[in-house]
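Quick notes on the structure that follows.
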Protein chains: 4
Amino acid sequence: MQVTDGRSLAAQARRAQIVDAAIEVIAAAGFAQCSFGRIAKHAGLSSTRLISYHFEDKNELIQAVVDTVLGEATRYVQPRIAATADRRAALAAYITANLEFLHDHPTRIRALVEIFAGARNDDRLTTSDTPRAVAIDFFRAGQREGVFRRFDPEVMATVLRAAIDAVAMQPDVDHAAYTGELVELFDRVTRADPAPGDAPRLTPAGSGDEPRHPRRAADRGTERTDR
Amino acid sequence: MQVTDGRSLAAQARRAQIVDAAIEVIAAAGFAQCSFGRIAKHAGLSSTRLISYHFEDKNELIQAVVDTVLGEATRYVQPRIAATADRRAALAAYITANLEFLHDHPTRIRALVEIFAGARNDDRLTTSDTPRAVAIDFFRAGQREGVFRRFDPEVMATVLRAAIDAVAMQPDVDHAAYTGELVELFDRVTRADPAPGDAPRLTPAGSGDEPRHPRRAADRGTERTDR
Amino acid sequence: MQVTDGRSLAAQARRAQIVDAAIEVIAAAGFAQCSFGRIAKHAGLSSTRLISYHFEDKNELIQAVVDTVLGEATRYVQPRIAATADRRAALAAYITANLEFLHDHPTRIRALVEIFAGARNDDRLTTSDTPRAVAIDFFRAGQREGVFRRFDPEVMATVLRAAIDAVAMQPDVDHAAYTGELVELFDRVTRADPAPGDAPRLTPAGSGDEPRHPRRAADRGTERTDR
Amino acid sequence: MQVTDGRSLAAQARRAQIVDAAIEVIAAAGFAQCSFGRIAKHAGLSSTRLISYHFEDKNELIQAVVDTVLGEATRYVQPRIAATADRRAALAAYITANLEFLHDHPTRIRALVEIFAGARNDDRLTTSDTPRAVAIDFFRAGQREGVFRRFDPEVMATVLRAAIDAVAMQPDVDHAAYTGELVELFDRVTRADPAPGDAPRLTPAGSGDEPRHPRRAADRGTERTDR
DNA sequence: AATGAATGAGAGTTCATTCAT
DNA sequence: GATGAATGAACTCTCATTCAT
């Protein structure tokens with residue numbers, strides 16, 4: 001009976017199975033319809049009792065879904081941002097990676113958005129270090145460096161997250177097209193106004209042209225996390 | 001028993017009362033918690049029977065909520081758009097009016113967003129002439145006129161609506177600040193790139209400077225509706 | 001649809017039926033076993049839903065049981081006390097009437113005692129004007145009049161109520177014997193010590209010998225209520 | 001693995017730990033809420049399995065609680081009674097010792113009372129030699145000796161136990177005051193009526209004045225046990 | 001136009017217990 | 001001696017809806 005995080009391997013596997021079933025139910029039928037009964041049926045469990053055995057209550061299950069998907073997304077996005085060399089490339093990479101992950105795992109992200117849309121404050125979901133907060137810090141840093149123009153970082157973060165989340169709920173999406181458009185859009189709207197006769201255009205994410213304001217090591221920690 | 005739309009005045013008043021109660025419940029507790037029981041209690045009705053008496057089923061009630069709020073918003077926004085003289089001013093007016101209405105009637109818009117976030121396709125909500133569709137047409141027209149640059153109108157419409165709806169769910173919002181930021185943001189990102197030595201900047205909504213491409217009458221009908 | 005207390009006659013009858021069934025279940029099986037399911041089965045109802053239709057929740061049902069039985073007991077005991085002419089006779093009448101009611105309606109009182117023994121403070125049972133409080137006031141008044149000796153009224157009230165309630169839970173009780181014994185016991189222990197050469201003995205309740213300290217009208221209100 | 005009563009020392013310790021946890025849960029939350037789950041959580045056990053491992057079923061656990069507390073109380077009370085020289089002093093000592101133990105171990109006695117109030121006959125609690133039975137024998141013996149007047153020993157025993165148990169459930173009790181009052185009360189109500197010109201008053205427990213009817217050795221065994 | 005009464009289905013949660021090891 | 005996994009039954013409560021007036 002090997003134990004890793006205070007739970008046996010068997011228990012971890014069961015929890016993962018239940019979490020996966022919950023994700024699929026939420027993505028397919030919505031947060032409101034995500035009952036233990038539906039999850040049990042979807043996962044092929046004999047009774048709902050197995051769910052309440054492995055999770056303290058429904059909140060803990062939903063929290064596990066959030067933590068799982070958020071963790072997966074972070075592990076996907078973070079290295080791609082770390083690989084960039086400047087703010088504008090990092091912003092492009094952030095959008096690109098988010099939409100790629102969303103393209104590869106549409107149900108998981110849709111479940112996440114459903115939960116955030118459907119859960120109330122009294123459900124006590126803990127989303128420490130929310131993606132929006134991370135984005136705000138990122139924009140602030142870029143403004144200090146002079147890479148970004150003077151906009152309200154909170155507003156911009158709200159719009160950025162709203163735009164990405166909206167894609168998750170859109171039924172038939174051309175992800176490549178959306179990616180290009182959003183990268184262009186947010187580059188246009190964040191970059192510092194060029195000095196006359198100087199018009200650097202952002203090339204698509206990953207092209208790796210030299211940044212004018214290379215990111216300092218000190219900033220690295222800030223944008224590691226994403227939604 | 002005077003009749004206007006197939007319903008007596010008394011019945012219309014009752015329906016309005018119930019719709020208002022539903023709006024308040026949804027805005028306060030979320031779409032998921034919006035049961036007949038809650039609505040009845042909130043409205044001070046002795047039983048839920050009164051609700052199912054005036055509405056065929058829950059879908060019809062929710063549909064009535066959507067139609068009511070959407071109608072109110074349209075009647076608020078549309079004249080403010082019609083009063084503008086060019087596309088860019090119209091876009092600014094659209095954003096401004098939306099956020100103004102949202103500021104004046106936060107619960108009503110929040111209820112709307114909750115419904116759209118929480119309702120599923122199988123709930124058969126008919127949102128003919130959706131705000132997003134209107135926005136798409138608007139952007140297309142602006143591109144034909146040469147006022148807007150070449151972006152994907154569907155993506156832009158998605159982002160525009162997502163940004164506005166996000167404000168509705170934000171807890172403590174400085175509406176004036178958000179308005180200014182969003183107007184600036186969407187002007188920046190939609191306007192055609194200036195020819196060299198030519199840089200018209202959008203002045204705040206309502207300033208009424210002469211448009212370069214006056215809107216044609218033929219377009220008028222299209223953007224009348226909003227969210 | 002005649003209405004008396006905000007409820008139709010039919011609803012009142014249903015509630016009474018359910019309350020009666022609850023009383024019988026509690027008396028027979030204990031407070032802990034008093035589930036909606038048991039009550040429904042005992043009352044011959046098709047589902048528990050009928051119970052939760054007529055009562056807001058389980059607390060309200062239990063509260064209704066308490067109010068019902070307490071009301072019945074009060075209506076039985078109070079006139080018998082009012083008919084007495086002095087404190088000592090009133091005390092005897094109080095005990096006698098309590099045990100008589102208990103003899104005639106053993107299940108109802110047993111249900112009451114079960115509830116008070118089994119319910120916790122967080123169940124929010126409101127027993128304003130508790131029998132113990134009434135007894136305390138009664139003893140205090142008797143002491144002021146000089147009829148009762150100097151004992152702690154709170155302790156005496158606790159013992160008096162405990163003694164009566166204990167009878168309710170005793171399986172095979174000779175009520176007549178218990179009545180005589182308790183009357184004698186509490187008379188002995190409460191009456192003022194006689195002056196030398198003066199030994200008034202209490203004759204059994206209802207014998208109607210002249211009291212030394214006739215109760216004043218002003219006191220009448222105090223001992224109206226019983227458990 | 002040393003064995004004393006058919007169980008190893010380790011097993012005995014575990015059982016004692018579980019019994020203690022059960023006592024605390026019952027005293028704090030009531031008999032109805034005393035589930036294996038609550039006990040396990042309170043005792044810091046990882047699962048309820050440990051409880052059902054050490055106890056055949058719930059009845060055995062509750063029986064163990066009763067035996068434990070009853071044994072403790074007996075070991076506390078019995079010597080204090082044995083140290084007295086006559087019936088009336090013994091009665092005073094009985095009350096005094098009971099309330100002292102109750103004062104020192106309020107949760108344990110409260111748990112006991114909760115169990116007796118909440119448990120049903122079908123729970124098969126064996127309380128051989130119940131405190132009430134002991135008290136009956138005690139009163140009978142005192143009557144034979146002429147120390148106690150002619151009352152019904154069963155009624156008196158019921159009242160005595162009810163009075164003591166009631167103190168256990170009273171929230172904020174002045175134990176010293178209650179002790180004095182109860183001693184005085186039960187002395188008054190049990191003692192033989194004095195012959196004219198002869199008025200022996202009971203002095204507080206332990207004063208050790210010579211009894212008129214010294215207890216015979218044959219009675220000693222009877223009143224050893226208490227509740 | 002309005003209402004009371006009733007209902008079956010399903011929600012999450014708790015329960016003591018059994019089967020393994 | 002101790003434990004994890006699993007389970008069926010029962011719990012209170014909420015749901016939208018139907019049948020009567």
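Remember, predicted model here, so these are calculated numbers, not experimental data. Here is the naming used below: chain letters follow the sequence lines, and residue numbers restart at 1 for every chain.
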Tabulated below should be each protein N or O lying under 3.5 Å from an N or O of nucleotides 8-10 of chain E; please produce it.
from  : atom 1 : to    : atom 2 : distance (Å)
E:dG8 : O6     : C:R49 : NE     : 2.8

> Please give, in whole Å, the distance from F:dC13 C1' to A:K58 NZ?
Replying inline: 15 Å

>> As a quick check of understanding, evaluate side-chain hydrogen bond (donor to acceptor under 3.5 Å, both in side chains) for D:Q63 and D:D67, giving each step before the final call.
In response: CA-CA 6 Å; D:Q63 184 70 56; D:D67 293 344; 3.1 Å; yes

>> At less than 4.0 Å, is any side-chain N or O atom of C:H54 found next to OP1 or OP2 of E:dG4? Yes or no.
In response: no

>> Please determine whether side chain to side chain contact (heavy atoms under 4.5 Å, CB included) holds for the pair C:E56 and C:L61, giving the CA-CA distance in whole Å, both sets of side-chain angles, and the decisive distance to 0.1 Å.
In response: CA-CA 8 Å; C:E56 189 71 16; C:L61 170 57; over 6 Å; no

> What is the minimum heavy-atom distance between A:E114 and A:F31, and which atoms define it?
Replying inline: OE1-N, 3.5 Å

> Pairs counted as Watson-Crick or G-U wobble with both distances under 3.5 Å: what dot-bracket string results for DNA chain F, using | for bases tied to another strand?
Replying inline: .||||||||||||||||||||

> Taking CZ from B:R7 and C1' from E:dA2, how many angstroms apart are they, rounded to a whole number?
Replying inline: 16 Å

>> What is the distance, to the nearest angstrom, from the CD atom on B:Q12 to the P atom on E:dA1?
In response: 10 Å

>> What is the separation between atom CZ on A:F36 and atom P on F:dT7, rounded to the nearest whole Å?
In response: 15 Å

>> So does B:H54 get a backbone contact from the side chain of B:R14, meaning a donor-acceptor N/O pair under 3.5 Å?
In response: no

>> Could you check whether any side-chain heavy atom of C:F116 comes within less than 4.5 Å of a side-chain heavy atom of C:D165, counting everything from C-beta outward?
In response: no

> Nearest to the side chain of C:L50 - E:dA1, F:dC13, E:dA6?
Replying inline: E:dA6

> Would a distance-only check, ignoring hydrogens and angles, find a side-chain to backbone donor-acceptor pair under 3.5 Å from C:D57 to C:E60?
Replying inline: yes

>> Please evaluate residues C:Q33 and C:R38 with respect to the criterion side chain to side chain contact (heavy atoms under 4.5 Å, CB included), reporting the C-alpha separation (whole Å), side-chain torsions for both, the decisive distance (0.1 Å), and the verdict.
In response: CA-CA 8 Å; C:Q33 311 304 328; C:R38 280 208 187 216; 3.9 Å; yes

Using distance only, find each side-chain donor-acceptor pair of residues 18-30 of chain C under 3.5 Å and give its atom names and separation, not counting sequence neighbours.
from  : atom 1 : to     : atom 2 : distance (Å)
C:D20 : OD1    : C:R108 : NH2    : 3.1
C:E24 : OE1    : C:H42  : NE2    : 2.5

> Nearest to the side chain of A:R14, which nucleotide is it out of E:dA16, F:dA6, F:dG1?
Replying inline: F:dA6

> Within this structure, what is the CG-to-C1' distance between A:L45 and F:dG8, rounded to whole angstrom?
Replying inline: 15 Å

> In whole angstroms, how far is the P atom of E:dT17 from the CG atom of D:L61?
Replying inline: 10 Å

>> Tell me the interatomic distance from A:Y53, atom OH, to E:dG12, atom P, rounded to whole angstroms.
In response: 20 Å

> Rounded to the nearest Å, what distance is computed from the CD1 atom of residue A:I39 to the P atom of nucleotide E:dA11?
Replying inline: 10 Å

> Which whole number of Å gives the distance between the C1' atom of F:dA20 and that of E:dA1?
Replying inline: 16 Å

> More 5' along DNA chain F: B:G37 or C:D57, using each one's nearest nucleotide?
Replying inline: C:D57

>> Among E:dT13, F:dT17, E:dA5, which nucleotide has an atom closest to any side-chain atom of C:A10?
In response: E:dA5

> Is there a side-chain contact between C:C34 and C:I39 (heavy atoms, below 4.5 Å)?
Replying inline: yes

